[in-house]
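Structure first, then comments.
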There are 2 protein chains.
Amino acid sequence: MVNHYDANTRQHLRVWLKLLKTSTSIETALRERLKKECSTTLPRFDVMAALDHHTDGLRMTELSDFLMVSNGNVTGIVSRLAESGLIERTQDTHDRRAQKVCLSPSGQAEFKQLAQRHAQWIDDIMQPLNTEESNTLLTLLERLANHKVNKND
Amino acid sequence: MVNHYDANTRQHLRVWLKLLKTSTSIETALRERLKKECSTTLPRFDVMAALDHHTDGLRMTELSDFLMVSNGNVTGIVSRLAESGLIERTQDTHDRRAQKVCLSPSGQAEFKQLAQRHAQWIDDIMQPLNTEESNTLLTLLERLANHKVNKND
DNA sequence: GGTATTTACTTTAGGCTTAAAATATTATAC
DNA sequence: GTATAATATTTTAAGCCTAAAGTAAATACC
């Protein structure tokens with residue numbers, strides 16, 4: 001029962017809930033397809049995408065900075081991906097604390113497939129908006145994102 | 001490296017990533033404020049909101065249906081909320097498998113505070129959009145959400 | 001050169017999440 | 001009335017996530 005809020009607040013809550021629900025429901029669809037069609041997960045995909053983008057590898061800390069998740073989180077995902085043989089860890093010769101992580105050849109091949117499917121899914125999901133509409137959506141979302149960032153200073 | 005996709009696909013990926021990032025970043029801000037200012041979590045808030053909405057209580061399965069999360073998930077959150085004295089569980093008299101869950105008096109009082117703060121945060125986050133813009137955003141999001149739902153049939 | 005601080009990373013504790021198995025109870029079929 | 005199926009819920013196993021503590025190595029300071 002939200003009716004004791006004023007009309008403006010109700011509208012704000014409505015928009016936020018729709019934003020959350022839309023994003024979550026697309027994300028859930030992607031997770032399900034990654035699991036059922038590709039036997040992988042979104043966090044694994046995200047790590048592989050980061051490594052595909054940085055072709056000469058990343059350190060663990062660079063990886064967690066890039067993905068904006070905690071250090072310990074990356075440790076777990078990377079070690080499971082390494083178990084699967086999709087990524088390789090090599091010791092840094094100059095700094096024995098550090099290691100460089102990159103996609104293995106099979107990881108590269110695997111990601112190529114994943115990325116293609118992923119792009120098709122997104123293409124399909126975004127179909128209902130034409131170029132102008134998706135530009136409008138992008139602009140409105142950017143306004144929200146930028147405002148929020150400023151509040152976090 | 002997304003440049004081997006056509007312009008349309010690139011635009012779709014860009015919009016989806018912005019949608020995901022905006023939603024996640026707002027959600028993260030809410031989680032942080034709930035934790036730091038209210039010593040609680042978003043899942044706890046969601047359960048309390050559902051029970052506040054259904055004043056005569058809900059069964060565990062009704063609760064997990066309403067929140068669209070798994071049964072076992074609700075079990076954990078509800079038992080932690082019960083430990084904190086914020087909700088009460090009563091056995092169903094006619095069905096000994098079932099129980100009815102509702103907010104305790106202190107849970108109701110607590111949620112009243114939480115909901116007010118939550119609404120203020122959302123109000124603040126949505127400030128950059130005027131009524132017309134937020135209506136546009138709502139409409140575009142609804143188009144995406146509806147399309148996605150249809151694909152899941 | 002030796003101590004203190006910083007840096008790179010892992011481990012731990014605890015909560016969230018799911019799917020699948022397990023339990024207990026109710027309802028159905030015969 | 002008893003066997004079977006359905007329902008309500010919890011438990012379990014495994015991954016994801018964070019903050020905080022721990023470990024090891026590099027750097028800075030003196």
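First the proteins, then the strands, lettered A, B, ... as listed; each starts at 1. Below, each value reflects all heavy atoms present in this structure, side chains not excepted, and no hydrogens, waters or symmetry copies.
At least one donor-acceptor pair closer than 3.5 Å links the side chain of B:Arg10 to the backbone N or O of B:Tyr5. The main-chain N or O of A:Leu19 is never found under 3.5 Å from a side-chain atom of A:Thr22 such that the two would form a donor-acceptor pair. Side-chain atoms of B:Thr9 do not come within 3.5 Å of backbone N or O of A:Ala119 as any donor-acceptor pair. A donor-acceptor distance shorter than 3.5 angstrom exists from the side chain of A:Ser104 to the backbone of A:Gly85, with no hydrogens or angles considered. A donor-acceptor pair is defined here as one N or O able to donate and one able to accept, closer than 3.5 Å; no such pair exists between the side chain of A:Thr24 and the backbone of A:Lys21.
Bracketed by its first and final contacts, the part of DNA chain C lying under 4.0 Å from non-hydrogen atoms of chain A reaches from C:dT7 to C:dA19 in 5' to 3' order. In the 5' to 3' direction, nucleotides of DNA chain D lying under 4.0 Å from heavy atoms of chain A begin and end at D:dG15 to D:dA26.
Sorted by first and then second residue, the ring pair (Phe, Tyr, Trp, His ring centres under 6.0 Å) pairs involving residues 60-84 of chain B (not counting sequence neighbours) are B:His54-B:Phe66. Sorted by first and then second residue, the ring pair (Phe, Tyr, Trp, His ring centres under 6.0 Å) pairs involving residues 78-109 of chain A (not counting sequence neighbours) form an empty list.
Taking every heavy atom of residues 93-103 of chain A and every atom of DNA chain D, pairs under 4.0 Å involve A:His94, A:Asp95, A:Arg96, A:Arg97, by number. Against DNA chain C, the stretch residues 62-78 of chain A makes heavy-atom approaches under 4.0 Å through A:Asn71, A:Gly72, A:Thr75.
In this structure, the side-chain contact (heavy atoms from CB on, under 4.5 Å) partners of A:Asn130, at least two apart in sequence or on a different chain, are A:Glu132, A:Glu133. In this view, A:Glu37 and A:Arg33, A:Arg117, A:Trp121 satisfy the side-chain contact (heavy atoms from CB on, under 4.5 Å) rule, not counting sequence neighbours. A:Arg59 is linked by a salt bridge (charged side-chain N to carboxylate O under 4.0 Å, His left out) to A:Asp92, counting only residues two or more places apart in sequence or in another chain. A search for side-chain contact (heavy atoms from CB on, under 4.5 Å) contacts involving B:Glu110 returns B:Met48, B:Leu86, B:Leu114, not counting sequence neighbours. For A:Arg89, the side-chain contact (heavy atoms from CB on, under 4.5 Å) partners are A:Val78, A:Ser79, A:Ala82, A:Gln99, A:Val101, not counting sequence neighbours.
When side chains are defined from C-beta on, B:Asn135 counts as touching B:Thr131, because their heavy atoms get closer than 4.5 Å. At a threshold of 4.5 Å between non-hydrogen side-chain atoms, the residues A:Glu88 and A:Pro105 count as touching.
Using five terminal pairs a side, the axes of the helix from C:dG1-D:dC30 to C:dC30-D:dG1 at its two ends make an angle of 0°, given in steps of 10 degrees.
Results of the side chain to side chain contact (heavy atoms under 4.5 Å, CB included) test with A:Phe111 over A:Val47, A:Ile87, A:Leu51, A:Asp52 single out A:Asp52 as the only residue that passes.
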